[in-house]
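Below is one structure, written out as structure tokens, with a few remarks after it.
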Number of protein chains: 2
Amino acid sequence: MRSELGVSLAYGLLATLGQSIVTGEFDKTGFPTEAELCVKFGASRTVMREAVKMLSAKGLISSRQRQGTRVEPVENWNLLDPDVLRWLMERPYSNKIFLEFAQMRLAIEPAAAALAAENQDRPAIASIREGLQAMIDHAGQPDLALKADIDFHVAILKASGNPFFWRLKPLITNALNLSIQLTNKIAGHMADIQAHQSILVAIEKGDADTARRSSEAILVESVNLIGKVQAA
Amino acid sequence: MRSELGVSLAYGLLATLGQSIVTGEFDKTGFPTEAELCVKFGASRTVMREAVKMLSAKGLISSRQRQGTRVEPVENWNLLDPDVLRWLMERPYSNKIFLEFAQMRLAIEPAAAALAAENQDRPAIASIREGLQAMIDHAGQPDLALKADIDFHVAILKASGNPFFWRLKPLITNALNLSIQLTNKIAGHMADIQAHQSILVAIEKGDADTARRSSEAILVESVNLIGKVQAA
DNA sequence: TTACAGAAAAAAATACTATTTAAAAACCAG
DNA sequence: CTGGTTTTTAAATAGTATTTTTTTCTGTAA
């Protein structure tokens, strides 16, 4: 069997199974045996096993001889894996995880902004500025404005010089892209350009405290917004 | 071929290859082909491919038909995967990543402590207290004291109620276990029980600000300590 | 005749299929 | 409770398919 979209069969199965797992599809029935999965998806055992192995590398399942494969408890899932988080956020009723992720951003991004102010990585700071400029330029076009907003936040992570912060790029990119569907329910929400600018200025001046506080202000706002949506 | 230590062959290869990759073993030569790996490790192609697929699920490598498999640039590695981080920290000359990880803890743990104070999850708070008590009881036994210290910090993540924080448990556990080798070089370093206690008290009182600041104090200390080791 | 462009063929690597054997753990009969 | 049976994943083996790079060939124009 050949896969449709340039995606290899194993990766296609990875995505399909991953999404099914996070939506709880196997909670009642238990995870199928290799043989069952093969007939269900019309794939060879080898490919199936490769997909299963990738899922277990992400903490979603585990296999043992004779016992079969089972879905791991949620606390073993690697939430900080970009794929896993995306599957979770794409699933219906994912409001809670958006709020929890926003809380984590509230811990991370202000720290990253402060580090960026100390780090003074000129090219990275230039990227932050470009992001802000694009936000201003495309204020009327939601799609472009969102992209610019994401670029701005991600550029700060990069400018922090800390690879752990930088590694959150795909997670935050996904989360912001998807959270639009959530926050659009709140009438006319738009990114606060003034607030973003004050982060940039502080970083450029090397003022870590102000950078941290300005970043915090934006993210507190974001957490509150998502909290409101959740309540509604 | 059977593997030695109860670990399946595929997982054994995952670890071996993962460690080799992060130590830069393939930087010059490029990643071997499937066939070469099979002869090198005496494994079948099937298991080899399963190991390779798991590594690619963690972002360390990527494979394409005809082109072979290559090591991904570091910024694509999933640093927040417990395995990947452990491999990185176990490798020689890993001082820098300990410092960077400590910076991330400095962002996360105070936020977790603050959330824990608000969240008031009684069983989780009891675990924090148990960790502190064990620290006191085993003050003279480095191994047990370290274990208690780790339990204390991890329990705070749990008490925060935020699964993203909680997910850092294996990362922090590993990091603290390994960082002992680093910080022991600094004469007679020991965990500050007073400081730990003040976090617990603040969390129990629901005083989020004090919890955050107390946690911050400990972690700033930790960052400074690791910074000193690095300089030495 | 030479140079070059384009097409066709070959090669090299992973992707996938199929099948068999091994090992482990649960189950069941006695 | 012991020992064999069964089920399910683990691993090995062999071969086909697919993709993409590289090479080779060929025809045409200078």
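Letters A, B, ... are given to chains in the order of the sequence lines, protein chains preceding strands, and every chain is numbered from 1. Atoms considered below: every heavy atom in the structure, side chains included; atoms not considered: hydrogens, waters and symmetry mates.
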I need the CG-C1' distance between Leu14(B) and dA11(D), as an integer number of Å.
16 Å

Between atom CE in Met48(A) and atom C1' in dA18(C), what is the gap in whole Å?
16 Å

Assess whether a salt bridge exists between Glu100(B) and Lys96(B), defined as any Lys/Arg side-chain N lying under 4.0 Å from an Asp/Glu carboxylate O.
yes

Can you measure Glu50(B) atom CD to dT14(C) atom C1' for me and round it to whole angstrom units?
15 Å

Which of these nucleotides, dA12(D), dT21(D), dT14(C), is closest to any side-chain atom of Gln67(B)?
dT21(D)

Could you tell me how far apart Arg49(B) (CZ) and dT13(D) (P) are, to the nearest whole angstrom?
17 Å

For a quick check of understanding: with a heavy-atom distance under 4.0 Å over all strands, which category does Thr33(B) fall into, base, sugar-phosphate or nothing?
sugar-phosphate

Side-chain atoms of Glu34(A) come closest, of dT9(D), dT17(C), dA13(C), to dT9(D)

Is a donor-acceptor contact shorter than 3.5 angstrom present between the side chain of Thr69(A) and the base of dT9(D)?
no

hbond_proxy Ser44(A) side chain to dA18(C) base (donor-acceptor, 3.5 Å cutoff):
no

Donor/acceptor link under 3.5 angstrom from Gln65(B) side chain onto base of dT18(D):
yes

Scan Arg64(B) against the nucleic acid and name what it touches under 4.0 Å (heavy atoms): base, sugar-phosphate only, or nothing.
sugar-phosphate

Phe165(B) vs Ile156(B) side-chain heavy atoms within contact, under 4.5 Å
no

Heavy-atom side-chain proximity of Leu88(A) to Val84(A) below 4.5 angstrom:
yes

Rounded to whole Å, please give me the gap between CG in Leu55(B) and P in dT14(C).
14 Å

Of the candidates dT14(C), dA25(C), dA11(D), the side chain of Val47(B) sits closest to dA11(D)

N/O donor-acceptor pair, side chain Arg66(A) with base dA25(C), under 3.5 angstrom
yes

Quick check: does any side chain N or O of Ser8(A) sit under 3.5 Å from a backbone N or O of Tyr11(A), one acting as donor and the other as acceptor?
yes

